[in-house]
Each structure stands twice: as C-alpha cells, then as structure tokens.
Amino acid sequence: MTDKEESPSLCSTPVEVALKALEAQVRALQTLHQQKQLHHQHPPPETPSSTTTESAIAEEIVALQAENARAEYRIQCLIRALEEKDRLLKKKVWLGAREEGCFLVMPGSAQHPQKKRKKASAKAKATSLSKIQPSTKEKAAALEGFQRLWDGDEPPHTMLLRQQTFENTWEETSNIIEAVMLDMNHTALHDICTFVEKAHSKNNAKGLIALPFHEIPTGLVFAGINTSDHTTPFLHLASLLKASASPAYSCLLQSKDCSTLQGMMKHMMDQFMALKVQKYTYTDNDEDIEEEEQEEKALNYQLSTDNGSTACKLQNHDLRMLEAWYRHTIGKSTSADPPLVVILQDFELFSPDILQNFIMICSEYRLSLPIVLVFGIATSTEIIHQSLNKSTLSLLRIEKFWLQQSEAWFNRVLETVFLETPSTLKFGARPYKFLLDQFYLYDFSMSKFKACLKYALMHYFYGNPLSIFFSLMKNSQHEMKMELSSWWKYELLTKDHTNNLRMLPSFKTHVESLCEEQPAMALKLLTDDQFLLTEALPDLLWGLEMYRQEFQFGLDLIQLLQGHFAAFSVLRKPKRMLFLQALENRQGLDTTSDVTKWLVSLVRKMEPEKLEVLLQELYVLVENPKYSAFHATLSFPLSLWKQRLEICLAKPQVSTPRREDQAIVSGIILSDLEKRETATSKKAQREAIDHLKHEGLETSRIVMELADWIVQLFSQHLRSYTCMPMHELIYYTNVKLHEKSFAAQPRASVQTALTQPKHYLDCSCCGGAHGSLLPSEPDSCILYKLYLECGRMINLYDWFVAFGSVLEREKRETSLEEDEVQTRFIRSVAELQFLGFIKPTQRKTDHVVRLTWSNIE
C-alpha cells in the first residue's frame with residue numbers, strides 16, 4: 001500500500017468494525033490452513049474435482065488476503081486519527097485545568113525573591129496527571145454536536161469527516177477574515193508605531209526647540225462605530241509595538257476592568273511589569289502552602305534605599321512603583337529608553353472622572369516615565385471635549401489616525417470569501433442579501449458578520465450528509481478523482497450518498513439535458529454508482545471551480561469597463577451589488593442585464609485613441625495569474641486587435657468616414673439607453689452594426705469585434721450558479737434560520753408568550769386548546785386573549801367583567817373577592833400598556849385604544 005493511495009478520510013474508520021473484520025478474516029484463514037494441512041497429510045486421489053477445489057481455495061485465500069490488507073490499512077489510518085484526537089483532547093483538558101488551577105502572583109521587587117515551592121509528591125503528580133486524561137464524556141463532547149444522520153444509519157467515519165471538514169473550513173474562513181483586516185490596517189498601524197517611536201525623541205524632526213511642557217503624546221485612533229470590533233486591531237497594535245525595531249512596553253485597558261482609578265492603575269502596572277502567573281499542583285502538605293499564600297497576601301511592594309534599608313511601603317497601584325521598576329529595567333539595557341504605551345480600547349465607555357485623574361497623574365510622571373496614550377475612538381473628536389475638561393486637554397499632545405472603516409473591510413472580505421477562495425462555503429441570493437442587509441441597515445458589525453458565517457457553516461455541515469464532498473474543493477481535478485476512488489475502494493460511501501446525490505434538483509436537470517443528446521450517459525449516471533462517484537462527480541465539482549474562476553473574471557471585466565468610462569460614474573455599481581444582482585437573476589449578468597448592455601453600447605462608441613488604452617488594460621487583466629486556466633484563449637484575439645490598431649493609427653486616416661461611422665453608432669446604438677424596444681429600432685440597430693463590420697473603417701471593425709467579444713464573455717462567464725450541476729454541494733441557500741436567529745422579532749415572541757404560555761412556562765395547567773381561555777393561565781394572557789376579540793376602542797368595564805367571568809371558573813378553596821379581581825385586572829392592563837398593545841385616550845376616559853391588529857403566530 002503506497003502513500004499516494006492513503007487517504008486522510010480513512011482515519012475515521014471505527015475501531016470495533018475493523019477489529020471484527022480482522023478477527024473474521026483470521027478465523028477464515030486458520031480454517032483454510034487446517035484444511036490445507038489435512039489435505040497434505042491425507043492426500044486424496046487426483047481427480048478433476050480435487051484440482052478444482054484447490055484452485056477455489058487458492059482464490060479464496062487471495063481474496064481474504066486482499067480483505068485483510070484493506071482492514072489493516074483502515075486500522076493504521078484509524079490509529080493515527082485516534083492519536084490526533086487524544087492529543088487535542090489532552091490539550092483542551094490541560095487548558096481547562098489551567099484555568100481552574102491555583103495561581104500565585106509574585107511581586108517583582110528584587111528584595112523579596114520568589115519562594116521555592118516544595119516538590120509535589122508522587123501521589124499529587126499522579127492526581128494531576130489523571131486530571132488531564134480524557135474521559136468518555138470528554139471524548140463524546142469532542143464531537144461538538146455532530147450526530148449520525150439518516151436516522152442513525154450514516155457511517156461513523158463520514159460523520160467524523162463532516163466534523164473535520166467543518167473545523168478546517170471555519171478555521172480557513174476565520175483566518176481569511178483576520179488577514180484581510182490586518183492587511184487593510186497595515187499602513188495605519190505602521191504610522192501609529194512610528195508615532196510611538198518618535199513621541200519622546202530628543203531630536204525633533206521638524207527642527208523645533210524642545211520645550212519643558214508636561215504634554216503626554218496621545219494618539220486618537222478612529223476604529224469604527226462598533227467597539228466590540230476593536231479588539232483585533234488593538235491586539236495586533238500591541239504585538240507590533242513589542243516586535244518593532246525599537247520595542248515598547250504596552251498595555252491594553254478596557255473599561256470593564258477600570259471601574260475605579262485604583263483598579264485602572266493596578267491593571268496598567270501589572271501588564272507593564274509583566275507579572276507572570278505561575279501554577280503549581282497541590283501536595284499533601286496543604287498547610288504549608290496556605291501559610292505561604294497568607295504571607296504573600298500580606299506582602300506589599302517596597303522601595304529600598306542604596307544601603308538596603310527599607311524607605312517606604314507602596315501599594316500595588318502607586319505609580320512610584322512603576323517608576324522604580326522602569327529605572328531598574330532600563331538600567332540593565334543599553335538601548336534607548338522604550339516608551340510605555342497605554343492603549344484605551346473603548347474610550348467612550350470610560351468614566352470621565354477616572355480618565356481626568358488618570359491623565360493628571362500620568363502627567364506628573366511624564367519626565368521620569370515616557371508614557372504614550374492611545375485612545376480608541378468609535379464616534380468623533382467631540383467625545384474628547386465632552387469627556388475631558390480644558391485643563392486635562394492641555395496636558396495632551398494629540399495626533400489622529402484612521403483605521404479602515406468597516407465598509408471597506410466588509411467589501412474586501414466578501415470578495416475574498418465568496419469569489420477568490422475555492423474552499424469556502426458560497427452563499428445563494430437570499431443568504432447573501434441577508435448579510436448585506438444586516439451589515440448596512442443595522443449595525444455595521446464585523447463580529448456579527450463572522451457569527452452569521454459560522455452559523456451558516458454549522459447548519460450546512462451539521463445537517464447535510466453530502467457536505468463530506470465539500471472537502472474536495474481544495475483539490476485539483478486529478479486529486480478529486482484519486483480521493484473519490486479511494487473512498488469507493490475502501491467502501492467509505494454508502495448507497496444513501498448516491499441516492500441523495502441523484503435527488504438533487506440540479507442533477508435531475510443535468511440528466512434531463514443529457515437524455516436527448518447522450519441517453520447512454522444519462523442512463524449510466526442513474527444506474528452506475530461507481531461511475532457517478534469516481535468519474536462524473538469529480539468532473540462536475542471541477543466544473544464548479546472553473547465556473548467560480550470564470551465568474552470572477554467576468555466581474556473584474558465589468559469593474560474594468562466601469563472604471564474606463566469615468567464620465568458615466570452615476571451608473572457604476574460596486575462589486576458586491578453586481579454579485580447580488582447575478583445571484584438574484586436566473587440568467588446571471590449576461591447580455592440581457594442593463595449593466596452589460598450599457599457597457600457594450602459604450603464600447604461600440606469608443607475612439608481609436610481610447611481603444612488602445614482599453615486593449616492594454618484588458619491584456620493586463622487577462623495576464624493575471626488567477627486566470628491562467630483560460631489565458632491562452634483570451635490573450636490571442638487581444639494581441640491581434642492590438643497589432644491591427646497600431647497599424648491603423650500609424651497610417652493617416654480620413655476624418656469624414658470616421659465621423660459618418662460615429663454618427664451611425666451614436667444615432668442608432670443609443671436606442672439601448674433610451675429603451676427603444678420596437679422591432680424597427682432593433683432591426684435598424686442590427687443593420688447599422690453589420691454595416692460597420694463590413695464597410696466601415698478598420699478601427700470601426702476592431703471596435704465592433706471587441707464589443708462582440710465582450711458580449712460573448714459576458715454570456716459565458718456571468719451565468720447563474722443555478723445552471724451548474726451539483727451546485728447544492730457548495731452553495732448555501734437557506735436563510736430562514738438566519739432570519740430567526742440574527743433578526744430579532746420581539747413582537748412575535750411577546751404575542752406567542754401571551755397566546756401560548758405553555759411554551760415558556762412548561763406547565764400542564766396551561767396546555768389547553770389553541771385560543772381557549774383557561775383561568776389557570778397568567779392574568780396577562782387571559783386579558784390579551786380577550787383583547788383580541790375587541791375593536792379599536794375597548795370599554796374598560798366590559799373588559800373587566802369578561803376578565804372576572806374567566807377568573808370565576810378557577811377552582812379554589814375560598815371565594816374570589818371583587819377587590820382581588822380588580823387588582824389583578826389593573827396590573828394586567830398596566831402590563832399590556834407597557835408592552836405597547838393599548839394606550840389611554842382623552843376622547844373617552846373609560847376606554848383605551850387598541851394599537852395592534854395582526855396577530856403573529
């Protein structure tokens with residue numbers, strides 16, 4: 001068995017199945033061996049029948065040996081998969097134990113060295129080791145919700161393959177999103193690092209005299225309106241500051257950790273002084289450990305004089321401790337003094353009083369501590385003036401920096417995930433439009449966008465048994481065939497997989513299209529499972545990959561033409577909207593769409609000078625390495641047109657015929673823009689184009705040929721994805737779960753709770769028929785059901801009488817008093833008014849106005 005034949009998907013074979021197969025094969029081989037020994041001890045007379053028996057036994061031995069090799073291969077792959085699973089489980093359990101362990105924080109003063117811990121006993125070590133061994137429940141939890149589909153008939157190895165593909169796909173998608181964000185903010189983050197390096201530089205770059213002002217260098221970083229999305233760029237900024245040529249000490253402060261000034265100072269000093277948290281395992285001598293912890297809790301930071309005597313004791317939030325630590329640290333280094341960068345991630349959420357006091361304290365230590373402040377701003381500069389008074393602002397020397405706004409990041413991520421990357425899940429029209437609406441119409445949130453993507457991946461891989469084929473999209477066509485052949489050879493796929501593939505709507509359409517021209521091929525696709533999985537499916541999946549490349553080229557071509565005709569910028573559309581239009585239109589963005597018609601009509605009216613520039617831009621686009629698959633077929637006509645155009649421009653041209661050609665084009669082709677759809681106008685347009693192709697100048701013929709070439713590219717490359725067979729394997733089209741999970745519907749939830757309280761209370765007393773009035777239900781539910789029967793004006797007395805009649809049916813030991821009914825009624829009316837169902841009116845004081853009419857079930 002060679003390495004090329006091995007497939008990582010075989011690592012998912014169950015141990016029990018493989019062991020049982022091996023035991024059966026071993027027993028069969030032992031039986032055959034015993035029969036062969038008896039045959040040699042008592043050889044029967046040679047007859048034709050005995051010769052046939054020996055040959056049959058030999059063939060059976062060969063077959064069993066092949067089955068044995070197959071089972072051994074499964075066992076080897078499975079062992080590798082189990083070892084990898086155990087390694088990941090041990091890592092997860094170790095991290096969990098690390099979070100639950102006991103930690104000691106040691107002061108960084110040189111006068112109090114770290115105390116030595118007693119070595120853990122053998123029993124304690126065994127206990128700690130037993131904690132990191134994965135249990136059965138932990139192994140079951142490692143599946144992360146994946147279950148065997150088809151009512152439990154799905155093979156376990158395909159379920160594990162779905163899980164592995166989901167994890168790999170989400171990891172790749174998440175890495176793409178993070179990489180795009182960091183790449184787009186690279187310039188701004190580099191400018192911030194340069195600002196930090198030169199903030200306390202003694203050599204002023206502008207040649208100005210350094211004045212002894214206590215101004216703190218402060219950078220305002222405008223990072224977007226969502227503070228929850230600021231974590232990634234600021235963490236990357238902190239890492240860049242530490243890894244730069246002149247490293248700086250940095251700390252990242254958030255408002256949730258800085259509710260008080262002391263807590264803010266302590267949190268900042270802990271990060272600067274890099275107090276490492278050390279973990280230890282409990283030993284049998286727990287009393288000694290508790291005594292040491294009590295001593296360390298009572299320990300204060302101390303400053304000592306030169307002769308070693310203690311001068312004073314400082315609390316862990318005193319900035320003089322940071323000053324002493326900085327002098328001690330800088331004294332050991334020979335490089336320039338590194339700045340202390342304090343990053344306030346969410347400036348708007350900090351308390352103004354705490355910020356003012358913090359800045360004033362830092363200003364007092366500005367000469368001894370090179371502090372640099374970086375504020376993360378989500379709104380505008382006005383928030384600085386609203387939070388800080390003039391005296392505090394006078395202590396800051398402010399510079400402004402802008403990160404890329406979330407809109408630019410969002411557009412770039414859409415292009416990378418849905419167009420440029422072959423191994424990421426693609427979205428259909430409705431889910432893609434849902435992403436656009438949620439981002440542009442609600443919150444501009446990048447974290448919510450990532451959550452929507454992950455939720456789509458979870459829904460696709462958790463409930464779709466055919467999602468195992470998605471892992472093949474990162475391979476070439478030959479690798480797909482090899483992979484699927486190995487799956488078929490080792491029986492990893494079942495009859496259910498082929499049946500579900502044949503039930504896909506796109507496959508049915510594909511087979512119906514083959515029935516007329518290739519009936520034998522259509523019959524083979526429906527009857528031959530091996531041919532479908534090992535021959536047809538790789539070609540269809542590779543066709544989807546080629547469609548992605550062609551569609552991406554078509555969109556880039558539209559973008560190029562839109563940029564070339566700058567005078568018509570009003571009709572220009574961004575790539576995300578072009579992609580949405582192509583998804584929503586059943587024909588895609590072919591020549592029937594308005595965008596392509598407009599561009600082709602503008603190409604037909606081009607001047608020869610501009611045509612040369614357009615041909616050069618098209619040639620550069622075709623030469624892009626992304627489109628190497630169809631580079632030869634596209635570059636050849638462009639080079640011919642370029643040569644012909646150069647010859648034409650080198651010769652002196654007569655202006656009059658060109659003006660006549662231009663008049664024909666301007667007078668007739670403009671019918672596209674003017675929406676003249678009569679049969680006469682269409683016929684005249686076709687005749688004019690034919691006239692220019694045959695009797696016009698050479699430049700006019702080149703323009704017409706180029707326009708026809710562009711029309712052909714649009715019709716071939718901008719088709720709808722629904723015309724591709726097996727597109728359901730890589731396109732996600734379900735949007736109902738996203739609308740339910742990410743689009744809040746409070747009114748529907750409130751009305752469901754009021755009409756069917758059993759869904760929320762989970763009690764048997766409220767489980768009557770739908771719409772029935774039960775006295776055991778909450779008072780608000782009873783009153784709301786009566787509310788549904790009323791008109792626009794509700795009489796409070798009639799409402800009260802109906803409410804009391806329902807309560808009278810309640811089974812109780814004591815009689816129901818009118819005061820209790822009135823109290824419960826008033827409380828329920830107030831609740832409905834608070835929920836927005838009614839409001840009082842001045843027209844009739846004993847009435848209320850009904851505000852809602854449609855009941856959402």
Side-chain angles (χ1 to χ4, degrees), residues 99 170-171 173-186 188-189 192 219-241 250-259 263-264 267-268 271 341-352 354-355 373-384 386-387 400-414 416-417 431 434-458 576 737-746:
E99 294 177 357
W170 170 242
E171 182 180 2
T173 305
S174 180
N175 293 338
I176 289 174
I177 295 173
E178 298 296 336
V180 169
M181 180 186 298
L182 298 180
D183 181 65
M184 297 188 69
N185 294 324
H186 176 74
L189 295 179
I192 297 174
L220 303 184
V221 182
F222 296 90
I225 62 175
N226 282 289
T227 56
S228 59
D229 299 330
H230 296 178
T231 303
T232 300
F234 282 113
L235 286 177
H236 187 61
L237 173 61
S239 63
L240 287 179
L241 291 174
S250 62
C251 71
L252 184 62
L253 301 180
Q254 297 181 358
S255 59
K256 63 180 181 180
D257 302 323
C258 305
S259 57
M264 186 175 183
H267 202 66
M268 178 189 69
Q271 293 190 44
V341 185
V342 182
I343 303 174
L344 305 184
Q345 178 176 322
D346 43 358
F347 179 83
E348 287 88 351
L349 302 182
F350 280 85
S351 173
I354 295 177
L355 283 176
L373 300 179
V374 176
F375 296 159
I377 306 298
T379 52
S380 63
T381 315
E382 296 180 358
I383 192 64
I384 298 291
Q386 295 176 2
S387 302
K400 300 177 182 180
F401 305 92
W402 283 268
L403 299 182
Q404 283 287 346
Q405 296 300 314
S406 55
E407 182 179 4
W409 170 90
F410 180 71
N411 292 331
R412 182 61 188 142
V413 168
L414 289 179
T416 307
V417 173
F434 177 82
L435 287 181
L436 296 182
D437 293 343
Q438 286 293 312
F439 185 82
Y440 283 101
L441 302 181
Y442 287 92
D443 49 12
F444 286 90
S445 175
M446 295 179 286
S447 57
K448 190 172 182 180
F449 170 74
K450 291 179 62 177
C452 290
L453 285 181
K454 187 172 185 180
Y455 191 76
L457 285 173
M458 292 173 62
R576 68 171 188 276
L737 291 177
H738 278 73
E739 292 175 348
K740 184 178 180 181
S741 303
F742 293 95
Q745 299 177 353

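Since the structure is predicted, the reported quantities are computational estimates derived from the model, not experimental observations.
The nearest pair of heavy atoms linking H230 to A378 is CE1-CB, 3.9 Å. In terms of heavy-atom proximity, F434 sits nearest to A743 at CE1-CB, 4.4 Å. F234 and A223 get closest at one heavy-atom pair: CE1-CB, 4.4 Å. Residues S741 and Y455 share a closest heavy-atom pair of OG-OH, 3.2 Å. Scanning both residues, L435 and C452, for their nearest heavy atoms gives CD2-CB, 3.5 Å. Closest approach of S259 and I354 over heavy atoms only: O-CD1, 3.1 Å.
A 4.5 Å side-chain heavy-atom check between M446 and M181 finds at least one atom pair inside the cut-off. Using a 4.5 Å heavy-atom threshold, the side chains of E178 and K450 count as touching. With contacts defined as side-chain heavy-atom distances shorter than 4.5 Å, the pair V417/V180 does not qualify. E171 is not listed as a side-chain neighbour of S174, based on a closest heavy-atom distance of 4.5 Å or more. L189 is listed as a side-chain neighbour of L403, based on a closest heavy-atom distance under 4.5 Å.
Expressed to the nearest 0.5 Å, how far CG of D183 lies from CD1 of I176 amounts to 13.0 Å. Atom CG of L237 sits about 4.5 Å away from atom CD1 of I343, to the nearest 0.5 Å. The structure places CH2 of W170 at 6.0 Å from CG of L453, a figure rounded to the nearest 0.5 Å. If you take CG on L436 and CG on L414, they are separated by 6.0 Å, rounding to the nearest 0.5 Å. Put simply, NE2 on H236 and CG on N185 are 8.5 Å apart, with the number rounded to the nearest 0.5 Å. Between H267 atom NE2 and Q271 atom CD the span is 4.5 Å, to the nearest 0.5 Å.
If you check the side chains of S445 and N226, you find no donor sitting under 3.5 Å from an acceptor.
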### Task
Any chance you could lay out the side-chain contact (heavy atoms from CB on, under 4.5 Å) test for K256 and Q345, step after step, and finish with the verdict?
CA-CA 11 Å; K256 63 180 181 180; Q345 178 176 322; over 6 Å; no
### Message
Run S387 and F350 through side-chain contact (heavy atoms from CB on, under 4.5 Å) and show every step you take.
### Response
CA-CA 9 Å; S387 302; F350 280 85; over 6 Å; no
### Task
Dump the intermediate steps for side-chain contact (heavy atoms from CB on, under 4.5 Å) on F347 and L355, then the final yes or no.
CA-CA 9 Å; F347 179 83; L355 283 176; 3.5 Å; yes
### Pair T227-E348, side chain to side chain donor-acceptor pair (under 3.5 Å): steps then yes or no
CA-CA 9 Å; T227 56; E348 287 88 351; over 6 Å; no
### Message
Apply side-chain contact (heavy atoms from CB on, under 4.5 Å) to residues L240 and I192 and explain how you reach the verdict.
### Response
CA-CA 10 Å; L240 287 179; I192 297 174; over 6 Å; no
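With a 6.0 Å radius and a threshold of 12 heavy atoms from other residues, nucleotides or ligands, Y442 has its OH atom at or below the threshold.
Test D346, L344, V221, I383 against F375 for side-chain contact (heavy atoms from CB on, under 4.5 Å) and you get one pass: L344. Screening F449, F742, W409, F444 for a ring pair (Phe, Tyr, Trp, His ring centres under 6.0 Å) with F439, the sole residue that qualifies is F444.
A donor-acceptor contact shorter than 3.5 Å is absent between the side chain of D257 and the backbone of G263.
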